[in-house]
Number of protein chains: 2
Amino acid sequence: MGKPDDGPIGIVAALVRSSFLVNAVYAKSAREYGLTPQQGQLLCVLMARPHGMSELGAMLSLAKSSLTGLVDRTERNGLVRREPDPQDTRAVWVALTAQGSKVAGEFYTETCRRIEELPGSLNPAERDTLAALLGRVVLDNEVPAVFLEPDEGGSAARER
Amino acid sequence: MGKPDDGPIGIVAALVRSSFLVNAVYAKSAREYGLTPQQGQLLCVLMARPHGMSELGAMLSLAKSSLTGLVDRTERNGLVRREPDPQDTRAVWVALTAQGSKVAGEFYTETCRRIEELPGSLNPAERDTLAALLGRVVLDNEVPAVFLEPDEGGSAARER
DNA sequence: CATGCATAGTTCGTCGCACGAATTAAAAAG
DNA sequence: CTTTTTAATTCGTGCGACGAACTATGCATG
């Protein structure tokens, strides 16, 4: 058998290295919008609709204190706001501000564009196959919607 | 057209969400070995062989000061050591210690196992297709070997 | 209605980690 | 020999992760 790195890589290395690639692209894009990757992620989740802290914490797999800090910093940047919950005075809803919607939309659109370029050497059928297979993996593992579908994100980004 | 979340997800959302999933699994695994994700990543890179700081910085896309700190902390944990470069007294090589090799091997093996389970609902042909397509994306984008192939990693982990 | 339990979120303390600018020391180029 | 380039570290700063403890509120029970 040839050297391992001469052959096709396995599913495990492929998944980990593609994750590294996506993280790098995501972080670079976020940085260009004055965001950290975590702030970008928060904004993307909130593009769909406002969320409670408990729900956000669960989606982002963060300790409660981590989320409090992240929302504090993002609120201080004027991108989100906390709103009281009329039904439960303990709870708050986190929503995008007008500026937050604008930044989130732009960040999201540009990040979509960059991520879309990554599989650039695949033909359309191969892309569809990759999307279908990865999509099943994501579905089966119940990954939260930390990034909207372009259809969802596009309409959310346009509703400004 | 049906609701966007009823249909198959697109390549962009698939890539970002699968990255989120892999990150979560990787972080959880690292944590169980007393490592942070960044330390785990450093150890995995070093499983192949010792690296210079410049090469490590390039592979991990880190600022030089960030890498210095990461190596400081991992050295303090007894998992890596800095060795002088006989050819260039400015430079250092970073290598795994005996304990570092052990921890890296165990972390790597367990993380492989967990990542391998993610596409559990795909049949073998589908897994091979996914690996081939993602592998091409990774290759075309020149992603560094931040995670060894199981063949490489297995032999590296066994060389103890 | 009062009490106890559960939940929502924040505060606190700590450590890891990211960056850029500046610095020191050594190697390379002229 | 001097100047430029390179390797890595130090410094200062801010972000982000955690767990424990806390405060306040809602819910269930007697």
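Here is the naming used below: chain letters follow the sequence lines, and residue numbers restart at 1 for every chain.
The main-chain N or O of B:E106 is never found under 3.5 Å from a side-chain atom of B:T109 such that the two would form a donor-acceptor pair. A:S29 contributes no side-chain N or O that, together with a main-chain N or O of A:V25, makes up a donor-acceptor pair within less than 3.5 Å. Under the 3.5 Å distance criterion, the side-chain polar atoms of A:Q39 are matched with a main-chain donor or acceptor of A:T36.
Applying the salt bridge (charged side-chain N to carboxylate O under 4.0 Å, His left out) rule to pairs touching residues 130-146 of chain A yields A:R136-B:E126, sequence neighbours excluded.
Taking atom CG of B:D72 as the reference point, atom C1' of C:dG16 lies 12 Å away to the nearest angstrom. The NE2-P distance, from A:H51 to C:dA8, rounds to 15 Å in whole Å. Atom CD in B:E55 sits roughly 10 Å away from atom P in D:dA8 (whole-Å rounding). Going from atom CG of A:L60 over to atom P of C:dG9 covers 13 Å, rounded to whole Å. Distance, B:L35 CG to C:dC15 C1': 15 Å, rounded to whole Å. If you measure from atom CD of B:E75 to atom P of D:dA8, you get 14 Å, rounded to the nearest angstrom. Rounded to an integer number of Å, the gap from B:M53 CE to D:dT10 C1' is 12 Å. What separates CG of A:L56 from C1' of C:dA8 is a distance of 13 Å, to the nearest Å.
Across all their heavy atoms, A:C44 and A:F107 have their closest contact at SG-CE2, 3.7 Å.
Considering only heavy atoms from C-beta on, B:D85 stays 4.5 Å or farther from B:V92 through its side chain. Side-chain contact check for B:L15 versus B:L134: some heavy-atom pair is nearer than 4.5 Å.
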Nucleotide by nucleotide, nucleotides 12-22 of chain D touches protein heavy atoms under 4.0 Å in the pattern (B base, S sugar-phosphate only, - none) ---SBBBB---
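Residues passing the salt bridge (charged side-chain N to carboxylate O under 4.0 Å, His left out) test with B:E32, sequence neighbours excluded: B:K28, B:R114.
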Listing, residues 45-56 of chain A side-chain donor-acceptor contacts under 3.5 Å, not counting sequence neighbours, or none:
residue : atom : partner : partner atom : Å
A:R49   : NH1  : A:E55   : OE1          : 3.4
A:R49   : NH2  : A:E55   : OE2          : 2.8
A:H51   : ND1  : A:R49   : O            : 2.7

- Query: Would B:Y26 and A:F20 count as a ring pair (Phe, Tyr, Trp, His ring centres under 6.0 Å) if you check the C-alpha gap in whole Å, the side-chain angles of each, and the deciding distance to 0.1 Å?
  - Reply: CA-CA 11 Å; B:Y26 197 97; A:F20 182 87; 9.9 Å; no
Please list, for nucleotides 23-27 of chain C, all pairs of protein and nucleotide N/O atoms separated by less than 3.5 Å.
residue : atom : partner : partner atom : Å
C:dA26  : O3'  : B:T89   : OG1          : 2.7
C:dA26  : N3   : B:R90   : NH1          : 3.3
C:dA27  : OP1  : B:T89   : N            : 3.2
C:dA27  : OP1  : B:T89   : OG1          : 3.1
C:dA27  : O4'  : B:R90   : NE           : 3.4
C:dA27  : O4'  : B:R90   : NH2          : 3.3

List every contact pair, protein side and nucleotides 1-3 of chain D side both N or O, where the distance is under 3.5 Å.
none

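Taking only side-chain nitrogens and oxygens, A:S54 comes nearer than 4.0 Å to OP1 or OP2 of C:dG9.
Ring-plane geometry between B:Y108 and B:F147 is classed as tilted, the angle between the planes lying from 30 to 60 degrees on a 0 to 90 degree scale.
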